[in-house]
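Accompanying notes for the structure given below.
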Amino acid sequence: MRGHSAMSTAQHEPWVFGDRTEQICREYINLRYQLLPYIYTLFWEAATAGTPILRSLLYHFPRDRTTYHLYDQVLLGPSLMAAPVYRPGVEHRAVYLPEGTWFDWWTGECYQGPTHILAIAPLERMPLYVRGGGIIALAPVRLCERTTA
């Protein structure tokens with residue numbers, strides 16, 4: 001979550017790229033703050049049991065051969081899966097949902113895996129899915145808005 005630059009480099013703070021980019025960054029930073037209780041729990045598990053924080057789908061679904069070749073989806077802990085888009089201008093992508101029930105983070109839409117879905121993925125909404133039965137502890141966002149002088 002670093003968005004600053006050194007004195008001798010080009011600026012790359014979110015506001016340098018315009019209002020849309022700044023707003024998108026603000027929303028994802030707020031999401032990160034909301035997820036801190038969940039993330040801190042994952043760090044505690046990593047420190048006490050050696051469990052990885054970011055996990056390939058293979059980690060939780062070793063009998064699912066489809067997970068053996070997935071390189072562009074990741075689990076944050078056991079319950080939150082991200083399927084980011086890596087190419088500029090692309091606003092949709094195929095997402096593999098392993099066995100079980102999965103919920104779209106943004107819409108709450110429910111899917112039953114194993115299945116492939118086509119996720120709509122504009123820059124503002126990275127495909128995120130919650131595994132059915134998982135608990136995602138959230139905190140309120142308590143940041144002040146940036147003001148300009």
Exercise for review: Grab the two heavy atoms, one from Pro84 and one from Met126, that are nearest each other, plus how far apart they are.
Suggested key: CB-SD, 3.5 Å
Review point. With Ala121, which residues qualify under side-chain contact (heavy atoms from CB on, under 4.5 Å), at least two apart?
Key: Val85, Pro127
Point to revise | Pairs where residues 45-63 contributes a residue and the test salt bridge (Lys or Arg N to Asp or Glu O under 4.0 Å) is met, not counting sequence neighbours | key: Glu45-Arg55
Exercise for review: Please check if atom OH in Tyr71 has more than 12 non-hydrogen atoms from other residues, nucleotides or ligands closer than 6.0 Å.
Suggested key: no
**Study point:** Within one Ile-Leu-Val-Met-Phe-Trp-Tyr cluster: Trp44 and Tyr40, side-chain cutoff 4.5 Å
**Key:** no
Review point. Roughly how far, to the nearest 0.5 Å, is OG1 of Thr67 from CG of Leu57?
Key: 6.5 Å
Practice item. Would you please name every residue forming a side-chain hydrogen bond (donor to acceptor under 3.5 Å, both in side chains) with Thr115, sequence neighbours left out? Key: none
Practice item. Applying salt bridge (charged side-chain N to carboxylate O under 4.0 Å, His left out), name anything that partners Glu109, two or more places apart in sequence or on another chain. Key: none
Review point. Hey, what do you get for CD1 (Ile29) to CD (Gln34), rounding to the nearest 0.5 Å?
Key: 12.5 Å
**Study point:** Test salt bridge (charged side-chain N to carboxylate O under 4.0 Å, His left out) applied to Asp64 - qualifying residues, sequence neighbours left out
**Key:** none
Study note, to complete from the structure: Shortest non-hydrogen pair, Ser79 vs Gly134, comes out as OG-CA, 3.4 Å
Study note, to complete from the structure: Note: Met81 and Leu75 closest approach over all heavy atoms is CB-CD2, 3.7 Å
Review point. Looking at side-chain heavy atoms only, is the closest gap between Ile136 and Val130 below 4.5 Å?
Key: yes
Practice item. Any pair with a residue in residues 76-97 that passes salt bridge (Lys or Arg N to Asp or Glu O under 4.0 Å), sequence neighbours left out, goes on the list, sorted by first then second residue, please. Key: Asp72-Arg93
Check your understanding: Just wondering, do Leu31 and Leu128 contact through their side chains at under 4.5 Å, heavy atoms?
Key -> yes
Check your understanding: Do the side chain of Gln73 and the main chain of Ala82 share a donor and acceptor less than 3.5 angstrom apart?
Key -> no
Exercise for review: To the nearest 0.5 Å, tell me how far Leu123 CG sits from Ile24 CD1.
Suggested key: 4.0 Å
Check your understanding: At their closest point, which heavy atom of His92 faces which heavy atom of Val90, and how far apart are they?
Key -> O-CG1, 3.1 Å
Check your understanding: If you group Ile, Leu, Val, Met, Phe, Trp and Tyr by side-chain heavy-atom gaps below 4.5 Å, do Ile53 and Ile39 land in one group?
Key -> yes
Exercise for review: Drop me the distance from Phe43's CZ to Thr51's OG1, to the nearest 0.5 angstrom.
Suggested key: 12.5 Å
Check your understanding: So if you build clusters from Ile, Leu, Val, Met, Phe, Trp, Tyr with side-chain heavy-atom gaps below 4.5 Å, do Leu35 and Tyr28 land together?
Key -> yes
**Study point:** Euclidean distance, Thr66 OG1 relative to Leu97 CG, rounded to 0.5 Å
**Key:** 11.5 Å
Practice item. For residues 120-139, pull every pair meeting salt bridge (Lys or Arg N to Asp or Glu O under 4.0 Å), keeping only residues two or more places apart or in separate chains. Key: Arg20-Glu124, Glu27-Arg125
Practice item. Determine, stepwise, if the pair Leu138 / Tyr38 fulfils side chain to side chain contact (heavy atoms under 4.5 Å, CB included). Key: CA-CA 7 Å; Leu138 298 175; Tyr38 181 70; over 6 Å; no
Review point. ring-ring contact (aromatic ring centres under 6.0 Å, His included): which pairs involve residues 47-67, sequence neighbours left out?
Key: none
Point to revise | Where at least one partner belongs to residues 102-130, residue pairs that pass ring-ring contact (aromatic ring centres under 6.0 Å, His included), sequence neighbours excluded | key: Tyr96-His116
Review point. Is any side-chain heavy atom of Cys110 closer than 4.5 Å to a side-chain heavy atom of Thr101?
Key: yes
Review point. Does a sphere of radius 6.0 Å around CG in Leu118 hold more than 12 heavy atoms from other residues, nucleotides or ligands, not counting ones at 6.0 Å or beyond?
Key: yes
Check your understanding: What pairs with Ala94 under side-chain contact (heavy atoms from CB on, under 4.5 Å), at least two apart in sequence or on another chain?
Key -> none
